[in-house]
Amino acid sequence: MANTEPQLALADIQEPALNTFWPLAPGWWLLGLLIILLLAYCFRFFWRQWQKNLPLRQAKAELSLIKEPQQSAALNELLKRLIRCYNPRHQVLSAPVKQWQDFLQSQLPQQPLPDLQKLLYQSEVSQTDFAAYLHFTNQWLKKVTAKQLEQL
């Protein structure tokens, strides 16, 4: 007896395998490459900024260690080293004390600056003069940026 029902003679339909996400299409590879390049550029940019600001950050950290009036010369040396880091041939680095003081005062005109000749070369340093110089240095380091130091 022959099978007369048409449903029994048909085989099941074979579904195609699901298309997974791998391998990626070329557009996705290109997008991934662009993202990696962008991240590398951003990392390089921020790393250079971080390195450029390193002497300024170190000067701020070293400033917190200077607390005694006998360290007036160290405070002065700190400022000169900072300028030397960003502009090694600046003429004020080898200038006399009066020109150095005029340069510093021009950087922060609203802040009073004590007489550096007296502060740096007298054996007995006034506490008020040292405090004024320390405050001036602190304010200047807060105000100045690496870009400004490069342009001095």
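Keep in mind that the numbers below use all heavy atoms, side chains included, and drop hydrogens, waters and symmetry copies.
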Legend entry - Distance-minimising heavy-atom pair for Q107 and P109: C-CD, 3.7 Å

Legend entry - Cluster link L31 to W29, ILVMFWY, side chain under 4.5 Å: yes

Legend entry - More than 12 heavy atoms from other groups under 6.0 Å of CD on Q110: yes

Inset, instruction - Could you tell me the separation between the CD atom of E77 and the CD1 atom of I66, rounded to the nearest 0.5 Å? - result: 8.5 Å

Legend entry - Spacing of OG belonging to S72 relative to CD belonging to Q122, to within rounding of 0.5 Å: 10.5 Å

Inset, instruction - State whether the number of non-hydrogen atoms from other residues, nucleotides or ligands found under 6.0 Å of E124 atom CD is greater than 12. - result: no

Inset, instruction - Any pair with a residue in residues 93-104 that passes side-chain hydrogen bond (donor to acceptor under 3.5 Å, both in side chains), sequence neighbours left out, goes on the list, sorted by first then second residue, please. - result: N76-W100, K98-D102

Inset, instruction - Compare all side-chain heavy atoms of D129 with those of D115 and state whether any distance is below 4.5 angstrom. - result: no

Inset, instruction - Assess whether side-chain contact (heavy atoms from CB on, under 4.5 Å) is satisfied between L149 and L82, documenting all intermediate values. - result: CA-CA 8 Å; L149 286 169; L82 182 62; 3.9 Å; yes

Legend entry - NZ/K60: more than 12 non-hydrogen atoms of other groups inside 6.0 Å: yes

Inset, instruction - Would you sort out whether Q70 and F130 count as a side-chain contact (heavy atoms from CB on, under 4.5 Å), showing the intermediate values? - result: CA-CA 9 Å; Q70 293 78 16; F130 174 73; over 6 Å; no

Inset, instruction - Starting at OH of Y133, measure out to CG of L120 and round the result to the nearest 0.5 Å. - result: 6.0 Å

Legend entry - From CD (Q91) to CZ (F103), nearest 0.5 Å: 8.0 Å

Legend entry - side-chain contact (heavy atoms from CB on, under 4.5 Å) assessment of L56 paired with V144: CA-CA 9 Å; L56 188 58; V144 75; 3.9 Å; yes

Legend entry - Donor-acceptor pair, side chain of Q71 and main chain of E68, under 3.5 angstrom: yes

Legend entry - Rounded distance (nearest 0.5 Å) linking atom CG of L39 with atom CD1 of I35: 7.5 Å

Inset, instruction - Would you sort out whether E62 and R57 count as a salt bridge (Lys or Arg N to Asp or Glu O under 4.0 Å), showing the intermediate values? - result: CA-CA 9 Å; E62 192 172 330; R57 286 193 314 273; over 6 Å; no

Inset, instruction - Step by step, work out the side-chain contact (heavy atoms from CB on, under 4.5 Å) result for W140 and Q111. - result: CA-CA 9 Å; W140 187 67; Q111 193 70 32; over 6 Å; no

Inset, instruction - Identify the heavy atoms of P112 and Q105 that sit nearest to each other, and give their distance. - result: C-OE1, 4.2 Å

Legend entry - Atom NZ of K143: over 12 foreign heavy atoms under 6.0 Å: yes

Inset, instruction - Indicate yes or no: at least one non-hydrogen side-chain atom of Y121 is less than 4.5 angstrom from one of L116. - result: no

Inset, instruction - Could you tell me the separation between the OG1 atom of T137 and the CG atom of L75, rounded to the nearest 0.5 Å? - result: 4.0 Å

Inset, instruction - Could you pull out all residues at least two apart from L93 that satisfy side-chain contact (heavy atoms from CB on, under 4.5 Å)? - result: K80, I83, R84, H90

